[in-house]
Amino acid sequence: MERGLFEGALEDECLKQGIGVIPYYSLASGFLTGKYRSEADVGSAQRGAGVKKYINPKGTAVLKALDDAAKNNGATLAQVALAWLLQRKAITAPIVSATSLKQLDDVLNSTTLELDPESVAALDKASAPA
């Protein structure tokens, strides 16, 4: 959701220098899990303020791409989002948090998920910086 803050010169320099990147908020405060799809879903959620900024046409497009990729790859949205991050050359390890065993399972299973090229292309397009 925040690719524009990193991609370009900063990512290029990290790759050139062999610097691994550990992104924070890898699931965009839970938005990329599909938990928040409208302002009504945000409500009084603990991370509501951080998620509300993603409830827009771009966010909807990213969730649609995640939904499709999850269906095509037999995975959850969180697994797909993390697998997409892990397949990027500059990313060493995304930072995530888990508050349940199911969430931990999603995180761990994302490390072995290999996304099909169509899903990667759709996610790249939907999440591309403006």
Side-chain angles (χ1 to χ4, degrees):
M1 294 304 301
E2 305 286 348
R3 289 173 54 192
L5 298 174
F6 174 66
E7 291 182 5
L10 182 56
E11 180 180 30
D12 294 345
E13 189 64 22
C14 288
L15 288 168
K16 179 180 169 187
Q17 299 296 328
I19 298 170
V21 176
I22 302 172
Y24 196 70
Y25 289 122
S26 298
L27 293 173
S29 298
F31 179 75
L32 298 177
T33 67
K35 181 177 177 179
Y36 308 103
R37 293 180 180 264
S38 70
E39 288 197 29
D41 295 334
V42 174
S44 61
Q46 182 179 2
R47 296 181 180 167
V51 173
K52 198 171 187 176
K53 66 183 176 182
Y54 301 128
I55 298 176
N56 56 43
K58 178 182 178 179
T60 300
V62 170
L63 289 178
K64 168 79 168 88
L66 284 170
D67 286 334
D68 292 345
K71 183 178 176 184
N72 292 343
N73 291 276
T76 67
L77 275 69
Q79 289 169 347
V80 170
L82 293 171
W84 180 86
L85 268 175
L86 288 167
Q87 58 90 35
R88 299 186 54 84
K89 292 178 185 175
I91 304 300
T92 301
I95 295 174
V96 296
S97 61
T99 58
S100 70
L101 290 177
K102 183 189 178 325
Q103 290 177 355
L104 181 60
D105 192 45
D106 273 357
V107 170
L108 295 174
N109 286 324
S110 69
T111 63
T112 57
L113 178 61
E114 297 217 14
L115 299 173
D116 62 277
E118 295 79 16
S119 293
V120 172
L123 289 163
D124 286 347
K125 181 178 179 182
S127 65

[atom1]/[X] to [atom2]/[Y] distance, rounded to the nearest 0.5 angstrom?
| X | Y | atom1 | atom2 | value |
| --- | --- | --- | --- | --- |
| Gln79 | Thr111 | CD | OG1 | 9.5 Å |
| Leu85 | Ile22 | CG | CD1 | 12.5 Å |
| Tyr24 | Ser26 | OH | OG | 10.0 Å |
| Leu27 | Ile95 | CG | CD1 | 11.5 Å |
| Leu32 | Thr76 | CG | OG1 | 11.0 Å |
| Leu66 | Phe31 | CG | CZ | 8.5 Å |

Student check: side-chain heavy atoms of [X] and [Y] closer than 4.5 Å:
| X | Y | value |
| --- | --- | --- |
| Ile55 | Asp41 | no |
| Leu123 | Leu115 | yes |
| Asn73 | Ser119 | yes |
| Pro94 | Leu86 | yes |
| Val80 | Leu77 | no |

Where [X] and [Y] come nearest, the two heavy atoms and their spacing:
| X | Y | result |
| --- | --- | --- |
| Met1 | Ala28 | CG-CB, 3.9 Å |
| Thr33 | Ala78 | CG2-CB, 4.1 Å |
| Ala61 | Ala126 | O-CB, 3.6 Å |
| Leu63 | Tyr36 | CD1-O, 3.8 Å |
| Ser127 | Arg3 | OG-NH1, 2.7 Å |

In one Ile/Leu/Val/Met/Phe/Trp/Tyr side-chain cluster, 4.5 Å: Leu5, Leu10: no

Set of side chain to side chain contact (heavy atoms under 4.5 Å, CB included) partners for Thr112, sequence neighbours left out: none

Counterpart residues, side-chain hydrogen bond (donor to acceptor under 3.5 Å, both in side chains), relative to Gln87 (two or more places apart): none

Whether Ser110 side chain and Ala83 backbone form a donor-acceptor pair below 3.5 Å: no

Heavy-atom donor-acceptor pair, Gln17 side chain to Glu13 backbone, under 3.5 Å: no

Distance-only polar pair, side chains of Asn109 and Asp105, donor-acceptor under 3.5 Å: yes

Tell me the salt bridge (charged side-chain N to carboxylate O under 4.0 Å, His left out) pairs involving [range], sequence neighbours left out?
| range | answer |
| --- | --- |
| residues 26-40 | Arg37-Asp67, Glu39-Lys52 |
| residues 19-30 | none |
| residues 72-97 | Glu7-Arg88, Glu11-Arg88 |
| residues 113-130 | none |

Leu101 atom CG: more than 12 heavy-atom contacts under 6.0 Å: no

